[in-house]
Each structure stands twice: as C-alpha cells, then as structure tokens.
Participant: 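Just passing along the structure, written as structure tokens.
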Number of protein chains: 2
Amino acid sequence: MNIDQIIDNIYCIPETSRLLLKENINEVRLPKGYLLFKADKVETAVYFIKRGIARAYTYQNDNEITFWFGKEGDTIISMKSYVENKKGYENVDLLEECDLYELKTTNLQKLFDKDIHIANWGRKFAEKELIKTEERLISRQFQTASKRYKQLLTDNPDLLQRVQLSHLASYLGITQVSLSRIRAEK
Amino acid sequence: MNIDQIIDNIYCIPETSRLLLKENINEVRLPKGYLLFKADKVETAVYFIKRGIARAYTYQNDNEITFWFGKEGDTIISMKSYVENKKGYENVDLLEECDLYELKTTNLQKLFDKDIHIANWGRKFAEKELIKTEERLISRQFQTASKRYKQLLTDNPDLLQRVQLSHLASYLGITQVSLSRIRAEK
DNA sequence: ATTCTTTTTTAACATTTGTAAAATTATTAA
DNA sequence: TTAATAATTTTACAAATGTTAAAAAAGAAT
C-alpha cells in the first residue's frame, strides 16, 4: 500500500497539498521485533504501514495487554503524544519486518496552520480514527468475547495467521485459556 | 457554561472565526426525558451542553445499555452521522431539563472549507473526542468494574446524584446486582 | 400521612471466567 | 532428524459475575 493511496484513503486533497505533505514523509524499513514506541516516551512521529503488522500493548500488573493491531494502510500513532504532547500508554512492537512511512508531528503541525486542505485532511484523519476507536469500544461493551472473536475472524481472517493467540486473547480481554475454550466450542 | 467558553475550550480561534461559528449556533431549552437522538436516524446537528445532563444508550437484545454520559461543557454528537453521514448506534435522552447550543453539521462542513481556523478547530474537536474515547476504551480493557466505578466516583462525584444506578451499571458493563455488590463491599 | 410506584439491595443458585499446572502440539536451532 | 524451546490446549478447581426472585428503601402522588 503506497503513500498516495494512504493519503487519499483518509481524505482527498489537491495535488499541491499532497506534495507538501509527501515532502515531509520518508520511508523506513524496520526488522521484526523492533520496539517502535515506548510507553514512557513522548513520541514525535506517526507512521503509516506500507507493509507488515504491528501491535500496541501496555502492562497491567506485570502482564502485557495487547489493545491494538495494525496492518497495511493503518496508522501507528500515540494519540496522547500526537494530541497532547504527553506520554502515551502504548508500547508498539513490530510482529513482522515492516516498511513504514514516517511523518514527524512537528512538521505536520506547521502544515496544519499553513494549508487548509491539510488541516481538513488532519481533521478527517482524527475523525476516522475516532470512528474506529468508538467501534472498538462499542464492540467491547456490547459483545461477548466469543462474538468478538468470531467477528475478528471474519473482518481480519489473516490476523490469526499473523499474530499469536496469547496476544489475541488479551486483545479480546480474556485469558488464553478462555480463548482456547471459545475456539474449541464449535 | 457559555458558548465562548465551550468553543475556546476545544481550541482558541480568532474573534472573526468565532463569530462565524457562533452565527450558526442557536440555543434551545429541552425538557427532562426528551429523546434528542434516535438510533435509526442520521442526525443533522451537534449539541453543546450549557446546562443539564444527557445519556446515550443502545439496545442489546431488549435491554438498554448506557454507554455515555454528558454534562455541562460536553458535546452530544452521533459520530457516525457526523463523520460518515450514516445512522449511529445512539439514542440520547436528557436526564434533566437541558439548555443546549445547537449547530447544524451541514453549516459546519461549509465553514471547514472556508476558514482554516475553523478547520483546525474541527480537527482539535475530533482529536479531543478521540482521546476521551480512547481513555474509555483503555479503562474498560484494563480495569475491573470495581476500579472503574471508584474512578468514576472520584472523576464525577456529581454523577451518582444525577443518574440512576441501573444506567451506571450498564455503563460499567455489569449488572445492577454486581454494582450493588461493589457498593456494599467497603 | 398513606398508598403506590420505582429504585436499590439482598439472597440463593447457576453459569462463566480465571488460575495453576500438566499435556499436547508446533516451531526453532543444532 | 532430533533435541530444545515456545505456543496452545486441556484439566481440575477457585473466584467472580449473572439470573431470578423477593425484600427493603426511596420517591412520587393523592
């Protein structure tokens, strides 16, 4: 998934604005297992995933809890860092070798004040992330773990091949034992 | 909480832009129990709460599940309607008589394309809502119902006086019986 | 104040989910 | 291939939460 597709997918902007944005984006290749974000740091960049898969997790009395997976086309971002310039809760590690598009947030902020199309692009970005986050919240509040697991399978059939079940279990908010029980059910 | 405070609290914009925004906002008083949003409708306005308290809920096999409370300074919005022009999941009713500032989304969209300050204000609005939604998700995934109840008490001590426990229980994702047990604990 | 209605708590029991440890299966490296 | 390691499932039991129904408490209406 290339950078033009990713930009347009968020919100279509005129060619000149897109070029302005792309001037501030550069591509990086990082190895599997690479720790991209650390929970105790203010992150200074956002990343768009060209290829690969990543995971965000945090610690809850000594055990890792995975709360996000991102793959091709998704954005790796620490919202707390991006919006409030504060430390986030997320550690992000790469579950595969990844090609990422890197964009420094300070540069992006400058573009927001200069170009109305990019400002609206940034607005659309936040709005779309918001919808995704809200859907995760709703699904978590309204659906049983079992239903959410099945939903995940239909929405992201590849995920099961790409991430291990212990991560998936904590993502679903249940133990690995419970997930095994759910998988054994049918 | 007046409209200038509410606007500035989201993001400070120049006087001229604020006036432009305020031209499109009008105040309404609505009675307790009023059903402001319906789940099967595309909502065409957003509301800022000047005074009062509201609740968003949805149905999950015949029982109501409350998933949001809003009070003075908060925004009543159907994100699905606002962002994607689709039906949302929320019914919103007013738990007290409310004074609301109403803003039609079509008018707001026009301002976004015309005024870069308002575009950035809209961006900040989405970003701040995103942070709030993310925090709710994180709290829901990482904390027990008991801890979330106690957190709610410290964050919003007035909430307990203003909403009934059955709503609070479903908001916390537990039954009313469980909530009673939690409250009885200490 | 008294009745009626609604809200909240309590109780008993069923179901779900968690914990810890062992068994199985899959993956990696020599 | 084989041993070593890591991931997943299974088991048995414990703890937490749900269900249903009844009791108690609080609030509203006459």
Side-chain angles (χ1 to χ4, degrees), chain A residues 31-35 53-55 57-67 69 93-97 139-153 156-186, chain B residues 31-33 35 53 55 57-67 69 93-97 139-153 156-186:
Chain A
K32 176 174 174 170
Y34 187 84
L35 192 61
I53 189 162
R55 168 181 81 104
Y57 63 95
T58 194
Y59 288 96
Q60 189 66 6
N61 28 285
D62 286 359
N63 26 357
E64 254 181 46
I65 301 188
T66 297
F67 61 94
F69 293 110
D93 65 2
L94 307 182
L95 302 178
E96 298 172 357
E97 180 184 77
S139 133
R140 172 157 281 271
Q141 183 153 16
F142 300 161
Q143 303 298 137
T144 61
S146 171
K147 280 203 184 150
R148 281 185 287 126
Y149 171 72
K150 280 155 195 163
Q151 192 62 45
L152 202 67
L153 284 199
N156 301 72
D158 57 321
L159 212 63
L160 208 63
Q161 322 307 322
R162 297 173 84 182
V163 315
Q164 62 185 57
L165 292 178
S166 58
H167 294 158
L168 220 88
S170 82
Y171 177 81
L172 293 169
I174 55 179
T175 60
Q176 189 166 348
V177 175
S178 276
L179 180 55
S180 271
R181 281 197 272 243
I182 288 169
R183 284 159 57 81
E185 266 173 28
K186 198 194 48 236
Chain B
K32 176 173 174 171
L35 192 60
I53 189 162
R55 169 180 81 104
Y57 62 95
T58 195
Y59 289 97
Q60 190 65 7
N61 27 284
D62 285 358
N63 26 357
E64 253 182 45
I65 301 188
T66 297
F67 61 94
F69 293 110
D93 66 2
L94 307 181
L95 303 179
E96 298 172 357
E97 181 185 75
S139 134
R140 173 157 280 273
Q141 183 152 17
F142 301 161
Q143 303 296 137
T144 60
S146 171
K147 280 202 183 152
R148 281 184 288 126
Y149 171 72
K150 281 154 196 162
Q151 193 62 46
L152 201 68
L153 284 198
N156 301 70
D158 57 321
L159 212 63
L160 207 63
Q161 321 308 321
R162 298 174 85 182
V163 315
Q164 60 184 60
L165 292 178
S166 58
H167 294 159
L168 224 95
S170 82
Y171 177 80
L172 293 169
I174 55 180
T175 60
Q176 189 167 348
V177 176
S178 276
L179 181 54
S180 271
R181 280 197 274 245
I182 287 169
R183 284 159 59 80
E185 267 173 26
K186 201 195 44 240

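Atoms considered below: every heavy atom in the structure, side chains included; atoms not considered: hydrogens, waters and symmetry mates. Proteins come first, then strands; the chains are lettered A, B, ... in the order of their sequence lines, and each starts at number 1.
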Participant: Just the rounded figure in Å: distance from P of D:dG18 to CD1 of B:Ile65.
Facilitator: 11 Å
Participant: Of the options C:dT9, D:dT19, D:dT9, whose atoms approach the side-chain atoms of B:Gln176 most closely?
Facilitator: C:dT9
Participant: D:dA7 P sits how many Å from A:Glu64 CD, rounded?
Facilitator: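 Nearest whole value for this atom pair: 11 Å.
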Participant: Take the protein atom CG of B:Asn63 and the nucleotide atom C1' of D:dT20, then report the distance between them rounded to whole Å.
Facilitator: 14 Å
Participant: Students often get this wrong, so: under 4.0 angstrom with heavy atoms, is A:Ser180 touching a base, only sugar-phosphate, or nothing?
Facilitator: base
Participant: A:Ile182 CD1 to C:dG18 P: how many Å, rounded?
Facilitator: 9 Å
Participant: Between D:dG18, C:dG18, D:dT19, which one does the side chain of A:Ser178 approach most closely?
Facilitator: C:dG18
Participant: Please determine, for the side chain of A:Ser166, which listed nucleotide (D:dA21, D:dT8, C:dT8) has the closest atom?
Facilitator: D:dT8
Participant: For A:Leu168 and A:Arg183: C-alpha separation, side-chain torsions, deciding distance, then whether side-chain contact (heavy atoms from CB on, under 4.5 Å) applies.
Facilitator: CA-CA 12 Å; A:Leu168 220 88; A:Arg183 284 159 57 81; over 6 Å; no
Participant: Which atoms form the tightest heavy-atom contact between A:Ser146 and A:Glu185, and what is the distance?
Facilitator: OG-OE1, 3.9 Å
Participant: For residues B:Gln176 and B:Ser166, report the shortest heavy-atom separation together with the two atoms involved.
Facilitator: OE1-CB, 3.3 Å
Participant: Just checking A:Leu179: base, sugar-phosphate only, or nothing, at a heavy-atom cut-off of under 4.0 Å?
Facilitator: nothing
Participant: Indicate whether OP1 or OP2 belonging to C:dT16 is found under 4.0 Å from a side-chain N or O atom of A:Arg181.
Facilitator: no
Participant: Are A:Tyr171 and A:Arg55 linked by a side-chain donor-acceptor pair shorter than 3.5 Å?
Facilitator: no
Participant: What is the distance, rounded to the nearest whole Å, between atom CZ of B:Arg183 and atom P of D:dA24?
Facilitator: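 Distance, rounded to whole Å: 19 Å.
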Participant: From C-beta outward on B:Ala184, which listed nucleotide comes closest to its side chain: C:dT10, C:dT17, D:dT9?
Facilitator: C:dT10
Participant: Atom CG of B:Leu160 and atom P of C:dT9: how far apart are they, to the nearest Å?
Facilitator: 9 Å
Participant: Could you tell me the separation between the CD atom of A:Gln164 and the C1' atom of D:dT9, rounded to a whole number of Å?
Facilitator: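 Computing the A:Gln164:CD to D:dT9:C1' distance gives 15 Å.
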Participant: Quick one: sort the A:Phe142 and B:Phe67 rings into parallel, tilted or perpendicular, breaks at 30° and 60°.
Facilitator: perpendicular
Participant: Tell me the interatomic distance from A:Leu165, atom CG, to D:dT9, atom C1', rounded to whole angstroms.
Facilitator: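 Roughly 10 Å, once rounded to whole Å.
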